[in-house]
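Data block below; observations after.
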Amino acid sequence: MNNTNKVYYSGFGIPEELSHPEVSNTIRQVLRDVLNGQELSEPDAIDLFQVEGAELDALTATADVLRRRSVGDDATFVITRNINYTNVCYMGCRFCNFAKRKSDPDAEFFDLDEITRRAQEAWDRGATEVCIQGGLHPNISGHFYRDIVKSIKRVLPDMHIHAFSPFEIWYGAQKSRMSYRDYIRDLVDHGLGSMPGTAAEILDTEVRKQLTRDKLTTEQWVEIITTAHEEGLPTTSTIMYGHIDGPEHWAAHLGLLRKIQKQTGGFTEFVPLGFIHYKTPLFLEDKGVRPGPTRLENIRMHAVARLMLNGWIDNIQASWVKMGPELAGELLAAGVNDMGGTLMNESISRAAGAMHGQEMLPEDMARIIRDMGRRPVRRNTLYEHVENYDDMHYFQRIAGIQV
Ligand SMILES: C[S@@+](CC[C@H](N)C(=O)[O-])C[C@H]1O[C@@H](n2cnc3c(N)ncnc32)[C@H](O)[C@@H]1O
Ligand SMILES: Nc1c(NC[C@H](O)[C@H](O)[C@H](O)CO)[nH]c(=O)[nH]c1=O
Ligand SMILES: N[C@@H](Cc1ccc(O)cc1)C(=O)O
Ligand code: SF4
């Protein structure tokens, strides 16, 4: 995956990397089988999560072929703004340094006017989406989430609202004494467009116990996500990895997402979220917690996800906030086809100590994509193409013309 020219010229068949003498027969066969349309099994995924050298090249080349077959050579991004309306939260997830107590000098709470103002500002800067998530603030009413959606839709009827993790849905439904289904239906009726599939972390009971006191269980996450899909509300899917987890958990997590997708078809994308460790209680207080995924683990996660989800979830997103723009770009040759959002205000990773900034400008997204020999395309939340970010933009930009 170091040679970007390869991206242009490699094809749809069996990549030559599989013939390398250092690729074992077992790994070669697994990769051939996937290329021939077989489903990757969880045990085989566990093996692939540990490959190195020539076998890693064979894995990424396979992911690259599958990506090309599923979505072609366009690479997408979305102009969006994160609105993290409050960081006040008492749930005590130990991997999270975004959450603050009410009395903390850094505690924040945006009222509806401020949320709408931010959405309007985003719209004026070309955003098609706002991505809204926050802490589980003890004082909000069960109708606060509906009020957010209503206030934005009143002034910006065409803005796509991508909001509320399954944990926020659980919280709102509980506060309003409504079923998940009724609660979700109500939000959809008021204009909610899709939900982030965060709060997934690692969908494994034992791992969750160590990550967080009272976070949503795996079963609750699955129930809320499938209910959303049944109500016609698409969601993303995520994994937060590189702490106390390992290949077995990753394979089972991907297997579960694939199973849900077969039932509902409601996932738009899969986004691996590498653990940002620096300022988190989990890393600072516990022994043996890893400082996020290594570079190779990041590469393998995106590539194995492409193989595991092949035919089911077409869009594999690289998070520039978590990995940095450089690696996120390189992953376009390892199964990734989407660079995520411009974000405008990133605060969750930053609170944990990430140093990749708050915003990535569309021009920079396009440059990274073009540097990998691919065509940049601006998408909306549901992966409909909005605009080719082609050479015209590039020349206008270098000529200093505002675009
Ligand atoms: C901060 S929460 C906000 C929404 C809601 N409170 C919840 O927990 O679902 C959104 C997601 O951010 C991610 N996150 C939080 N802290 C992180 C960290 N240190 N590194 C990577 N991702 C993190 C987790 O995946 C979490 O589910
Ligand atoms: N990967 C991260 C995202 N990604 C979400 C996208 O920006 C977008 O909202 C989604 O693809 C739906 O269109 N957002 C973050 O705040 N942090 C990330 O790490
Ligand atoms: N990627 C998530 C959103 C998200 C992810 C990680 C974060 O830290 C914050 C937000 C989604 O759109 O579904
Ligand atoms: S991850 Fe979400 S629920 Fe957990 S502490 Fe952070 S903001 Fe609160």
Side-chain angles (χ1 to χ4, degrees), residues 78 80-101 107-108 129-138 140 145 160-172 193-203 208 211-216 220-221 224-225 228 234-243 245 253 266-284 289-293 298 313 315-323 338-341 343 345-354 356 358 381-383:
V78 58
T80 178
R81 182 176 198 174
N82 280 354
I83 306 181
N84 298 123
Y85 54 91
T86 186
N87 56 6
V88 174
C89 188
Y90 290 80
M91 298 319 297
C93 303
R94 303 185 55 248
F95 54 82
C96 176
N97 196 46
F98 165 75
K100 301 283 177 296
R101 302 187 163 271
E108 279 188 330
E129 170 193 295
V130 280
C131 174
I132 307 181
Q133 297 193 92
L136 307 194
H137 194 299
I140 58 174
Y145 302 139
H160 182 105
I161 305 185
H162 177 65
F164 313 129
S165 88
F167 206 15
E168 288 161 292
I169 298 293
W170 168 85
Y171 191 57
S194 56
M195 257 168 63
T198 40
E201 325 308 2
I202 297 284
L203 293 166
R208 291 179 94 72
L211 291 185
T212 169
R213 260 197 330 256
D214 311 306
K215 197 155 193 156
L216 207 65
Q220 287 169 320
W221 189 89
I224 293 171
I225 286 287
T235 77
T236 64
S237 60
T238 66
I239 184 170
M240 198 214 34
Y241 65 110
H243 34 81
D245 48 349
H253 188 105
F267 288 130
T268 52
E269 72 203 37
F270 174 64
V271 196
L273 303 168
F275 171 49
I276 307 291
H277 67 287
Y278 309 97
K279 299 182 182 172
T280 63
L282 182 68
F283 181 75
L284 297 173
V289 175
R290 291 180 304 122
N298 275 319
I313 302 181
N315 302 305
I316 308 292
Q317 181 179 118
S319 170
W320 61 267
V321 201
K322 310 289 183 199
M323 294 182 287
D338 183 73
M339 296 291 290
L343 304 187
N345 303 104
E346 201 294 319
S347 42
I348 295 169
S349 302
R350 206 157 38 98
H356 301 299
Q358 293 223 54
T381 313
L382 303 177
Y383 282 81

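As a basis for the values below, the full set of heavy atoms in this structure was taken, side chains included, without hydrogen atoms, waters or symmetry mates. Atoms within a ligand are numbered from 1 in the order they appear, just like the ligands themselves.
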Exercise. Could you tell me whether some N/O pair between Ala199 and ligand 1 is separated by less than 3.5 angstrom?
Key: yes
Self-check item: Flag side-chain contact, heavy atom, 4.5 Å: Gln133 against Pro196
Solution: yes
Quiz item: In terms of heavy-atom contacts, does OH of Tyr90 have more than 12 from other residues, nucleotides or ligands at under 6.0 Å?
Solution: yes
Practice problem: Kindly confirm whether atom 8 (Fe) of ligand 4 is within less than 2.8 Å of some N/O/S atom in Cys89? | Solution: yes
Quiz prompt | ligand 1 atoms in contact with Gln133 (distance to a heavy atom under 4.0 Å) | solution = 4 (C), 10 (C)
Quiz item: Under 4.0 Å from any heavy atom of Ala99, which atoms of ligand 4 are there?
Solution: 5 (S)
Exercise. Search all heavy atoms of Ile276 against all heavy atoms of Ala354 and return the closest pair with its distance.
Key: CG2-N, 3.6 Å
Practice problem: Evaluate side-chain contact (heavy atoms from CB on, under 4.5 Å) for Ile132 paired with Tyr145, printing each intermediate quantity in order. | Solution: CA-CA 10 Å; Ile132 307 181; Tyr145 302 139; over 6 Å; no
Quiz item: Is there any N or O on Thr238 that sits under 3.5 Å from an N or O of ligand 3?
Solution: no
Quiz item: Which is closest to atom 14 (N) of ligand 1 in terms of heavy atoms, Thr86, Thr238, Ile348?
Solution: Ile348
Quiz item: Can you tell me which residue and heavy atom of the protein come closest to atom 24 (C) of ligand 1, and the distance to 0.1 Å?
Solution: Glu201 OE1, 3.2 Å
Quiz item: According to the interplanar angle, ranging from 0 to 90°, do the rings of Phe270 and His253 count as parallel (below 30°), tilted (30 to 60°) or perpendicular (above 60°)?
Solution: tilted
Practice problem: Could you tell me whether the side chain of Asn315 and the main chain of Thr268 form a donor-acceptor pair under 3.5 Å? | Solution: yes
Quiz item: So do the side chains of Trp221 and Thr198 get within less than 4.5 Å of each other, counting heavy atoms only?
Solution: no
Exercise. Among all protein heavy atoms, pick out the one at the shortest distance from atom 4 (Fe) of ligand 4; state its residue, atom name and that distance to 0.1 Å.
Key: Cys93 SG, 2.3 Å
Quiz item: With atoms numbered from 1 as shown, which atoms in ligand 4 lie under 4.0 angstrom from a non-hydrogen atom of Lys215?
Solution: 1 (S), 4 (Fe)
Quiz item: So is there a nitrogen or oxygen of His162 less than 3.5 Å from a nitrogen or oxygen in ligand 3?
Solution: yes
Quiz prompt | Taking atom 1 (N) of ligand 3 as the reference point, the nearest protein heavy atom with its distance | solution = Val271 CG2, 4.0 Å
Quiz prompt | Any Met91 heavy atom less than 4.0 Å from ligand 1 | solution = no
Quiz item: Do ligand 3 and Thr236 have nitrogen or oxygen atoms that lie under 3.5 Å from each other?
Solution: yes
Practice problem: Could you tell me which atoms of ligand 3, counted from 1 in the order shown, lie closer than 4.0 angstrom to a heavy atom of Leu273? | Solution: 5 (C), 6 (C)
Quiz prompt | Closest contact, heavy atoms only, Pro166 versus Ile224 | solution = O-CD1, 3.4 Å
Quiz prompt | Those atoms of ligand 4 less than 4.0 Å from some heavy atom in Phe167 | solution = 3 (S)
Quiz prompt | Distance from atom 20 (N) of ligand 1 to nearest protein heavy atom, with residue and atom | solution = Ile276 N, 3.0 Å
Quiz item: Backbone or side chain, does any N or O of Ser165 fall under 3.5 Å from an N or O of ligand 1?
Solution: yes
Quiz prompt | Test side-chain contact (heavy atoms from CB on, under 4.5 Å) applied to Arg208 and Ile202, Leu216, Asp214, the passing residue | solution = Leu216
Self-check item: Per-atom contacts of ligand 1 with Met240, taking only distances under 4.0 Å to non-hydrogen atoms
Solution: 20 (N), 21 (C), 22 (N), 23 (C)
Quiz item: Do any nitrogen or oxygen atoms of Thr280 come within less than 3.5 Å of a nitrogen or oxygen of ligand 1?
Solution: no
Quiz item: Among protein heavy atoms, which lies nearest atom 19 (N) of ligand 1, and at what distance?
Solution: Phe95 O, 2.7 Å
Quiz item: Between atom CG of Leu203 and atom CE of Met240, what is the distance when rounded to the nearest 0.5 Å?
Solution: 11.0 Å
Exercise. Return yes when His277 approaches ligand 1 closer than 4.0 angstrom through a heavy atom, no otherwise.
Key: no
Quiz item: Short question: side chain of Glu168, backbone of Trp170 - any donor-acceptor pair under 3.5 Å?
Solution: no
Exercise. Measure across Phe275 and Val289 and return the closest heavy-atom pair with its distance rounded to 0.1 Å.
Key: CE2-CG1, 4.1 Å
Exercise. Answer yes or no: is there a donor N or O on one side and an acceptor on the other, between the side chain of Arg350 and the main chain of Phe98, under 3.5 Å?
Key: no
Self-check item: Numbered atoms of ligand 1 (with element) below 4.0 Å of Glu168, judged on heavy atoms
Solution: 4 (C)
Self-check item: Element-labelled atoms of ligand 1 that are located less than 4.0 Å from some non-hydrogen atom of Phe275
Solution: 19 (N), 20 (N), 21 (C)
Quiz item: Hey, which of Phe283, Tyr241, Phe95 is the one that makes ring pair (Phe, Tyr, Trp, His ring centres under 6.0 Å) with His277?
Solution: Phe283
Quiz item: Nearest protein heavy atom to atom 10 (C) of ligand 3, by residue and atom, and its distance?
Solution: Gln133 NE2, 2.8 Å
Quiz item: Do any nitrogen or oxygen atoms of Phe167 come within less than 3.5 Å of a nitrogen or oxygen of ligand 1?
Solution: no
Quiz item: Does some side-chain heavy atom of Thr80 sit less than 4.5 Å from a side-chain heavy atom of His162?
Solution: no
Practice problem: With heavy atoms of Met91 as the reference, note each atom of ligand 4 found under 4.0 Å away. | Solution: 3 (S)
Practice problem: Can you figure out which of Pro281, Ala351, Gly134, Ala163 has its heavy atom closest to atom 5 (C) of ligand 1? | Solution: Gly134
Quiz prompt | Short N/O/S contact of Cys96 with atom 4 (Fe) of ligand 4 (below 2.8 Å) | solution = no
Quiz item: Counting both backbone and side chain atoms, is some N or O of Lys215 under 3.5 Å from an N or O of ligand 1?
Solution: yes
Quiz item: Is Lys322 near ligand 3, meaning one of its heavy atoms is under 4.0 Å from it?
Solution: yes
Quiz item: Of the non-hydrogen atoms in Ser347 and Asn84, which two are nearest, and what is the gap between them?
Solution: OG-OD1, 2.7 Å
Exercise. Output yes when a side-chain donor or acceptor of Gln317 lies under 3.5 Å from a complementary backbone atom of Met339, and no otherwise.
Key: no
Quiz item: Judging by distance only, is a nitrogen or oxygen of Ala352 under 3.5 angstrom from one on ligand 1?
Solution: no
Quiz item: Does the side chain of Leu343 come within less than 4.5 Å of Trp320's, by heavy atoms?
Solution: yes
Practice problem: Starting from atom 5 (C) of ligand 3, locate the nearest protein heavy atom and write down its residue, its atom name and how far away it is, to 0.1 Å. | Solution: Thr198 CG2, 3.6 Å
Quiz item: Between Ala200 and Thr238, which heavy-atom pair has the shortest distance, and what is it?
Solution: CB-O, 3.5 Å
Self-check item: Among Ser347, Ser349, Gly197, Gly274, closest by any non-hydrogen atom to atom 21 (C) of ligand 1
Solution: Gly274
